[in-house]
Amino acid sequence: MSANQNPTGHAEPEEADSATIRALIEKFSVHNRESLENRDAIFREMRESCPMARSSAHGGFYAVSRYKDVYAAAHKQDVFSSFPVTIPPFGNPTPMIPIEMDPPEHRKYRTLVGTQFSPNTIEANEPQLRAIVNTLIENLQGRPQADLAEEVAIALPLRAILEVYLGVPEKDWAMLKKEFLYMLEPDPEKSDEENNERAMQAGLNCSMYFAELLEERRTNGFGDDLISHLAQVEIDGQRLTDDEIFGFCLVLVPAGFDTTASLLSRLLLMFTERPEVREQLTAIVDDPDKLDLAVEELVRYIPPQPGVARNVTTPTTFADTELAVGDRLLLLWPSANRDPEEFPNPDELILDRQPNRHLGFGSGIHRCLGSHLARLEIKILLQEFLHRVPTYAVAPDAKPLWHTGNTWGVSELPVVFEDWDTVGASAGQGE
Amino acid sequence: MSMLKIAIDAGKCEGHARCVARASELFDVDDEGQSFVLANPVPAGQEDAARSALEACPERAITITEV
Ligand code: HEM
Ligand code: SF4
């Protein structure tokens, strides 16, 4: 790990020794705070000496850490099922749509929303997304301090999916966010059972909410929102069931906001720890071609989703390991993205990196449906934020709060701004 | 002078659209997430863009041959 890095935002002592790292690997979990805090050392040790590391957490699984293995596993849907896609599972009896579906059903459901998330449609939503970003920045203007996680990193993607895609009224955003976070970021202090129970209840509450929304649209007429669309589409001549419609929404909302929020919150924190990153980004933000490469590099460097599960359905040998039916793999995207076999100087953030075949958005048939939306959100935020928001530091009496879970990110980022008078006129000049 | 010809392996392409981002004159993706080539062989001046697309494709679905 490069010594200048301070990924947790705390003053970090020297790196844990390799026996400690080995012990951490044996109980690796995306829900474990020590896994998060020592991730770079853990992933490096895994790649170098145990590419199919065995963790005993949540009933045991293999942690897949090398780029080529993660890539290969993501393309073996014939022997690895995506259901369930998390370790531990959420406990839903039927696969979540589309993320837990396998071929041939997967493609049928995924094509239903292909147009809604295609690069062209996303481009058409640009003005609406930019308007959201502008509101968020105006809300910060002139203030001495703010919570950039809550007010920017989480707010932007949450509004993008709820407002732009689902047409959810503003009064319900906060409630939905809270319920979804119960599902996505279980409290590491609580047992799997307790967390599961709370997550199930939250899932039920959200389903009920979407049921009402659907009913309302059926009564008052469909609009151009995604729920209306899902209520009218057909697979093999059949309408979706209501449960399938809620199921789709239950995936799209958290997949749409929690991932992007975690990436953005970590980036906004990084600006305080490594001011040169902000300067480098400011220097290229107005060049669309360079910004395109930079956003890819950010997704490579800070992929918010630590890993997804695959479940062995046919006995097979994979990465020199005999796998039996029921064995589980966790595909570690962040580790793959730092594999020196694929990326020269993997621990360096190189904004014009090329080639850059990172796996931050996954790979294969489950390639992130929202990747084009996420890219555009990140781009627009950078374009507006870097010129219009002054530099800032973590508030002296506070510290950033990291969360574990199915994404790794920062849920509280209290900052104090430098002088607001320095931005605007001098936009683009850097610090 | 030799020319470059682009081929996309449809079985590998998963619609990341990185090819479009790097070379919008040469690639597009349909709503099913399949990319297709807009101009073949590569018009003069677009050679670097074509190579950039190849290097960006996470599925390694693009090949470029000299003809
Ligand atoms: C920076 C932001 C994001 C990152 C890093 C990210 C990452 C990922 C990854 C790694 C996968 C693959 C999961 C697997 O292989 O099982 C995935 C799938 C998915 N993502 Fe994203 N995602 C992001 C934003 C979004 C957004 C904004 C949306 C929607 C609005 C979204 C919706 C989905 C859906 C629906 C899937 C499942 C696709 C399928 O199974 O076919 N994601 N995402
Ligand atoms: S970048 Fe590769 S996988 Fe993505 S659309 Fe282009 S050819 Fe297909």
J.: Donor-acceptor check, side chain of Arg47(A) to backbone of Tyr67(A), threshold 3.5 angstrom: yes or no?
T.: no
J.: Measure the acute angle between the ring planes of Tyr165(A) and Phe117(A), then classify it against the limits of 30° and 60° as parallel, tilted or perpendicular.
T.: parallel
J.: With a 4.5 Å cut-off on heavy-atom pairs, point out which of Cys368(A), Ser363(A), Pro119(A), Ser371(A) contacts chain B the most.
T.: Ser363(A)
J.: Considering only heavy atoms, which portion of Gln116(A) lies under 4.5 Å from any heavy atom of chain B: side chain, backbone, both, or neither?
T.: neither
J.: Tell me, for Tyr71(A) versus chain B, whether the close heavy atoms (under 4.5 Å) come from the side chain, the backbone, both or neither.
T.: side chain
J.: Measuring heavy-atom distances to chain B, does His366(A) have an atom under 4.5 Å in its side chain, in its backbone, in both, or in neither?
T.: neither
J.: Under 4.5 Å heavy-atom distance to chain B, tell me which part of Asn356(A) shows up: side chain, backbone, both or neither.
T.: backbone
J.: Assess whether atom CD of Glu234(A) is packed by more than 12 heavy atoms of other residues, nucleotides or ligands within 6.0 Å.
T.: yes
J.: Quick check on Cys13(B) against chain A: is it the side chain, the backbone, both or neither that has a heavy atom closer than 4.5 Å?
T.: neither
J.: In terms of heavy-atom proximity below 4.5 Å to chain B, should Ile365(A) be classed as side chain, backbone, both, or neither?
T.: both
J.: Should the pair Arg338(A) and Phe43(A) be classed as cation-pi, given the thresholds of under 6.0 Å to the six-membered ring centre and 45° from the axis?
T.: no
J.: For chain B, which residues of residues 302-310 of chain A have at least one non-hydrogen atom nearer than 4.5 Å to it?
T.: none
J.: Which answer fits Arg18(B), side chain, backbone, both or neither, if we ask what part of it has an atom under 4.5 Å from a heavy atom of chain A?
T.: side chain
J.: Under the criterion side-chain contact (heavy atoms from CB on, under 4.5 Å), which of Ile62(B), Val37(B), Ile8(B), Leu26(B) is the partner of Cys19(B)?
T.: Ile62(B)
J.: Could you check Asp292(A) against Lys379(A) for salt bridge (charged side-chain N to carboxylate O under 4.0 Å, His left out), going step by step and ending with a plain yes or no?
T.: CA-CA 8 Å; Asp292(A) 172 71; Lys379(A) 276 180 200 168; 3.6 Å; yes
J.: Relative to chain A, which segment of Ala17(B) carries a heavy atom at a distance below 4.5 Å: side chain, backbone, both, or neither?
T.: both
J.: Would you please test Glu296(A) and Arg353(A) for salt bridge (charged side-chain N to carboxylate O under 4.0 Å, His left out) and show each step?
T.: CA-CA 9 Å; Glu296(A) 290 314 301; Arg353(A) 184 184 286 276; over 6 Å; no
J.: Between the main-chain N or O of Asp102(A) and the side-chain N or O of Gln77(A), is there a donor-acceptor pair closer than 3.5 Å?
T.: no
J.: For chain A, which candidate among Leu54(B), Asp30(B), Asp28(B), Asp31(B) shows the most heavy-atom pairs at distances under 4.5 Å?
T.: Asp31(B)
J.: If you count heavy-atom pairs within less than 4.5 Å of chain A, which of Arg22(B), Arg51(B), Lys12(B), Glu32(B) leads?
T.: Arg22(B)
J.: Using only atom types and a distance under 3.5 Å, with no angle test, would you say the side chain of Glu47(B) pairs donor to acceptor with the backbone of Gly45(B)?
T.: yes
J.: If you draw a 6.0 Å radius around CD in Glu341(A), do more than 12 non-hydrogen atoms from other residues or ligands fall strictly inside?
T.: no
J.: Hey, could you give me the CD1/OG1 distance between Ile6(B) and Thr63(B), rounded to the nearest 0.5 Å?
T.: 9.5 Å
